[in-house]
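The block underneath contains the structure these notes are about, expressed in structure tokens.
Keep in mind it's a predicted model, so treat the numbers as computed, not measured. In this chain, numbering begins with 1 at the start of the sequence shown.
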Amino acid sequence: MDGSDEDQRKPHRLNPNQPVTLDELKKLGVFYWKLNADIYESDPELEKIRKDQGYSYMDIITIQRDSLPNYEEKLKMFYEEHLHLDDEIRYILDGQAYFDIRDKEDRWIRIAMEKGDLITLPAGIYHRFTLDETDYTKAMRLFVGEPVWKAYNRPADDFDIRHNYVASLQGSRE
């Protein structure tokens with residue numbers, strides 16, 4: 001991802017672009033599935049993932065100017081670099097968005113998300129979220145147990161979960 005301060009909703013690709021593979025994301029603890037969002041209510045593949053991963057709680061959020069109270073404030077808050085003490089699991093049911101994560105060298109990687117994309121970000125990874133220029137996404141939020149939305153803005157390096165995450169990266173170096 002480039003370092004431009006231009007509108008956060010733009011793609012921000014490096015020139016030349018430097019794509020990141022799913023294997024490279026896995027080494028950072030990020031997992032991805034492509035599902036059929038048109039059948040999310042009865043999708044056996046989604047049910048299997050939820051069962052295998054223990055995702056017992058879910059809700060749906062629509063992020064767009066007309067339906068999300070305090071839209072601009074929330075978008076700014078989502079875009080602040082932060083971490084969570086639990087994994088963040090998001091399934092895009094409609095629209096598009098970006099998740100930005102930090103790589104092992106602390107550089108931003110922008111992950112473009114569209115309808116049907118399911119992603120898990122590990123607890124302790126620094127990240128942020130924004131819409132793209134369409135200004136719309138509908139996403140399922142999944143949790144293990146009770147939902148927790150607490151974000152800890154960077155710096156949050158003193159949390160055990162951050163230490164555990166960084167240690168897991170050391171173990172995955174090849």
Subject >> Same apolar cluster (I L V M F W Y, side chains within < 4.5 Å links), Tyr136/Met77 >> reply: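 In one cluster: no.
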Will you find, in the side chains of [X] and [Y], an N or O donor that is under 3.5 Å from an N or O acceptor?
X      : Y      : result
Asp132 : Thr134 : yes
Asp66  : Tyr71  : no
Asn153 : His82  : no

Original post:
Of the non-hydrogen atoms in Thr137 and Ile92, which two are nearest, and what is the gap between them?
Top reply: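 Smallest heavy-atom distance, with atoms named: OG1-CG2, 3.5 Å.
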Look at [X] together with [Y] and state whether they make a salt bridge at an N to O cut-off of under 4.0 Å.
X      : Y     : result
Arg141 : Asp59 : yes
Glu133 : Lys10 : yes
Lys115 : Asp38 : yes
Lys34  : Glu45 : no

To the nearest 0.5 angstrom, please state how far the [atom1] atom of [X] sits from the [atom2] atom of [Y].
X      : Y      : atom1 : atom2 : value
Glu47  : Asp52  : CD    : CG    : 11.0 Å
His84  : Ile89  : NE2   : CD1   : 10.0 Å
Ile60  : Asp94  : CD1   : CG    : 11.0 Å
Leu131 : Arg65  : CG    : CZ    : 9.5 Å
Leu142 : Met140 : CG    : CE    : 6.0 Å
Trp33  : Leu22  : CH2   : CG    : 11.0 Å

Original post:
Is the NZ atom of Lys26 crowded by more than 12 outside heavy atoms at less than 6.0 Å?
Top reply: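 No, the 6.0 Å shell around NZ holds no more than 12 heavy atoms from other groups.
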Subject >> Asn17 atom CG, neighbour heavy-atom count above 12 within 6.0 Å >> reply: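 It does: Asn17 CG has more than 12 such atoms within range.
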Original post:
Below 6.0 angstrom between ring centroids: does that apply to Phe143 and Trp149?
Top reply: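 Yes; Trp149 has its ring centre under 6.0 Å from that of Phe143.
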**OP:** Please work out whether the ring planes of His127 and Phe99 are parallel, tilted or perpendicular, with thresholds of 30° and 60°.
**Re:**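 The arrangement is tilted - the two ring planes meet at 30° to 60°.
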When you measure from the centre of the six-membered ring of [Y], is the NZ or CZ of [X] closer than 6.0 Å and no more than 45° off the axis?
X      : Y      : value
Arg154 : Tyr126 : yes
Lys150 : Tyr152 : yes
Arg50  : Tyr55  : no

Subject >> Evaluation steps, side-chain hydrogen bond (donor to acceptor under 3.5 Å, both in side chains), between Tyr32 and Asp117 >> reply: CA-CA 7 Å; Tyr32 168 87; Asp117 292 343; 2.6 Å; yes
**OP:** Run the numbers on Arg128 and Asp100 for salt bridge (charged side-chain N to carboxylate O under 4.0 Å, His left out), then give the verdict.
**Re:** CA-CA 5 Å; Arg128 61 190 182 192; Asp100 300 335; 2.8 Å; yes
